[in-house]
Amino acid sequence: MKDNVLKDFELNGKVSIVVGGATNIGKRVAMGLAEAGSDVAVVDININEVKKTAGEIKKIGKESIAINTDISNSVAVKNMVKIVLEKFEKIDILVNSASIFGKMKPLVDTEEGDWDEIMSINLKGTFLCCKEIGKIMVSQNYGKIINIASINGVMASRRDFMSDYNISKAGVIQLTKCFAAELGRYGINVNSISPGYHRTDSAITELSEKSREELLSYIPLKRTAVAEDMKSVVIFLASDASKNITGHNLLSDGGRLCWFS
C-alpha cells in the first residue's frame with residue numbers, strides 16, 4: 001500500500017509528449033508534467049518557442065527535447081515518434097494540445113481550404129498523434145492519452161463564426177471516446193479535457209472590454225481561466241490517480257455549462 005495518496009499523482013520515471021507545447025496551455029502543461037517528475041518531449045511547429053520550453057524544463061532537472069513537427073503530416077508525426085523513442089525508449093503519456101481557431105467566418109462563407117486547414121490541425125493532427133503513439137502504448141500495455149478539446153465541442157457557441165472550430169473540437173471528443181473503447185484492453189486510458197474561456201486565447205483577447213465582461217457573466221465562478229489552471233487537471237489524468245477513468249471528457253470551464261443561456 002502506498003504511504004501517501006499524493007504518490008498517486010507522481011510521474012517519476014515517466015516520459016511525456018506534449019504536442020503544441022510551445023506556448024500558452026501546452027507550455028504550462030509541459031512544465032507541469034516535468035514538475036510532477038516526467039521527462040518531456042515538447043512538440044510544436046514553432047521551433048524557437050518550443051526550444052525555450054524544453055530549456056525551461058531542463059532547468060528544473062528533467063530531460064527534455066524540442067521537436068519541430070507538422071502534425072497534419074503523417075510522415076512528420078512518424079518521424080517525431082521515432083525521435084522520441086531514440087531519446088527515451090518509451091512513451092508513457094501523450095497530451096494533444098495543438099489547435100487553431102481558423103478564419104472565424106460564417107459556415108456559409110467558409111472556404112474549403114479554410115475548413116481543411118482547421119480540421120487538419122485540430123482533428124486530423126490529434127488523430128495521427130493518437131494513432132502513432134497509441135501503437136507504441138499498445139506494445140507497452142500501458143499509456144495515458146489526453147486530448148485538449150473545448151466546451152465549444154459540447155455546445156454551439158453563442159458567439160458567431162466559430163462553428164468550424166466547434167465542429168473540430170466535437171470531433172476530438174468523439175475521437176477520444178473511440179480510442180478509449182479500442183485501447184482500453186491494452187491498459188491505455190484515453191480522456192479529453194474541455195477548457196472554457198482562457199484569457200490568453202486570441203478569440204478572447206481580441207474582444208472589446210464590454211464583450212469580455214459579457215463572457216464573464218456566463219461563468220458561475222466569474223473568472224476566465226489561465227493556462228496555469230490546466231496543469232493539475234492534466235497531471236490528474238496522466239497519473240495513477242485516474243487509472244479507472246477513460247473515455248471521459250472533463251470540463252474545466254468555471255461552471256460555464258451549468259447555464260444554458
Side-chain angles (χ1 to χ4, degrees), residues 8-11 13-21 25-26 28-30 32-33 36-43 69 71-72 74 77-78 80-81 84-85 88 90-99 119-154 166-195 230-253 257:
D8 285 337
F9 295 88
E10 293 178 357
L11 300 178
K14 302 297 185 184
V15 174
S16 302
I17 296 179
V18 178
V19 179
I25 288 176
R28 299 321 306 164
V29 165
L33 290 168
S38 179
D39 295 323
V40 185
V42 191
V43 177
T69 303
I71 61 168
S72 68
S74 61
V77 171
K78 289 177 181 178
M80 176 266 289
V81 174
V84 175
L85 289 176
F88 296 111
K90 65 171 185 172
I91 302 169
D92 300 299
I93 298 158
L94 166 64
V95 180
N96 283 307
S97 181
S99 69
M119 295 300 164
S120 70
I121 301 298
N122 295 5
L123 187 53
K124 179 185 175 183
T126 299
F127 161 70
L128 290 175
C129 290
C130 287
K131 173 188 174 184
E132 296 304 328
I133 295 167
K135 292 176 184 177
I136 305 305
M137 292 178 172
V138 166
S139 70
Q140 300 170 164
N141 282 301
Y142 177 84
K144 299 273 191 170
I145 298 176
I146 302 152
N147 298 320
I148 306 301
S150 171
I151 60 169
N152 284 20
V154 179
N166 300 349
I167 294 164
S168 74
K169 290 300 186 176
V172 169
I173 293 170
Q174 182 65 6
L175 177 145
T176 298
K177 294 179 184 294
C178 291
F179 267 111
E182 293 188 10
L183 299 184
R185 72 195 72 178
Y186 303 106
I188 301 168
N189 301 72
V190 188
N191 294 289
S192 59
I193 302 171
S194 283
M230 294 295 290
K231 292 197 320 185
S232 297
V233 183
V234 168
I235 289 168
F236 166 63
L237 291 177
S239 71
D240 286 345
S242 61
K243 60 189 173 187
N244 200 45
I245 298 174
T246 199
H248 179 66
N249 180 46
L250 194 160
L251 300 176
S252 179
D253 65 347
L257 294 191

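FYI, side chains are in, hydrogens and waters are out, and symmetry mates aren't considered; it's all heavy atoms of this structure.
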Locate the shortest heavy-atom distance separating [X] from [Y]; write the atom from each residue and the value.
X	Y	result
K243	N189	O-ND2, 3.1 Å
F88	A41	CE1-CB, 4.3 Å
E132	V81	CB-CG2, 4.0 Å
F9	I235	O-CG2, 3.7 Å
L183	G134	CD1-CA, 4.5 Å
Y142	D240	OH-OD1, 4.2 Å

For this session: Decide if atom CG of N141 counts as having more than 12 heavy atoms of other residues, nucleotides or ligands within a radius under 6.0 Å.
Result: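 Atom CG in N141 is packed in, count exceeds 12.
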Euclidean distance, [Y] [atom2] relative to [X] [atom1], rounded to 0.5 Å:
X	Y	atom1	atom2	value
N249	K177	CG	NZ	6.5 Å
M119	I167	CE	CD1	5.5 Å
I17	S38	CD1	OG	10.0 Å
K90	S139	NZ	OG	12.0 Å
L33	R28	CG	CZ	11.5 Å
L250	T176	CG	OG1	12.0 Å

Exercise. Side chain to side chain contact (heavy atoms under 4.5 Å, CB included) between M230 and I148: does it pass, once the steps are laid out?
Worked result: CA-CA 10 Å; M230 294 295 290; I148 306 301; 4.0 Å; yes
Given side chains that start at C-beta, do those of [X] and [Y] come closer than 4.5 Å, heavy atoms only?
X	Y	value
K169	N152	no
L237	K144	no
V233	V29	no
I173	S194	yes
N147	F179	no

For this session: Tell me, with the steps shown, if N191 and I193 meet side chain to side chain contact (heavy atoms under 4.5 Å, CB included).
Result: CA-CA 7 Å; N191 294 289; I193 302 171; over 6 Å; no
Exercise. Should S239 and L11 be marked as a side chain to side chain contact (heavy atoms under 4.5 Å, CB included) after you check the CA-CA gap, both sets of side-chain angles, and the distance that decides it?
Worked result: CA-CA 6 Å; S239 71; L11 300 178; 4.0 Å; yes
For this session: Using the side-chain contact (heavy atoms from CB on, under 4.5 Å) rule, pick out the option among L94, V190, D92 that qualifies with M137.
Result: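 Result: among L94, V190, D92, L94 is the only option passing the side-chain contact (heavy atoms from CB on, under 4.5 Å) with M137.
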N/O donor to acceptor pairs below 3.5 angstrom from side-chain atoms of residues 122-131, sequence neighbours left out:
| from | atom 1 | to | atom 2 | distance (Å) |
| --- | --- | --- | --- | --- |
| N122 | OD1 | I100 | N | 2.8 |
| N122 | ND2 | I100 | O | 3.0 |
| N122 | ND2 | S168 | OG | 3.0 |
| K124 | NZ | S72 | O | 3.2 |
| T126 | OG1 | N122 | O | 2.8 |

Exercise. Does the pair I145 and I133 meet the rule for a side chain to side chain contact (heavy atoms under 4.5 Å, CB included), with working shown?
Worked result: CA-CA 9 Å; I145 298 176; I133 295 167; 5.7 Å; no
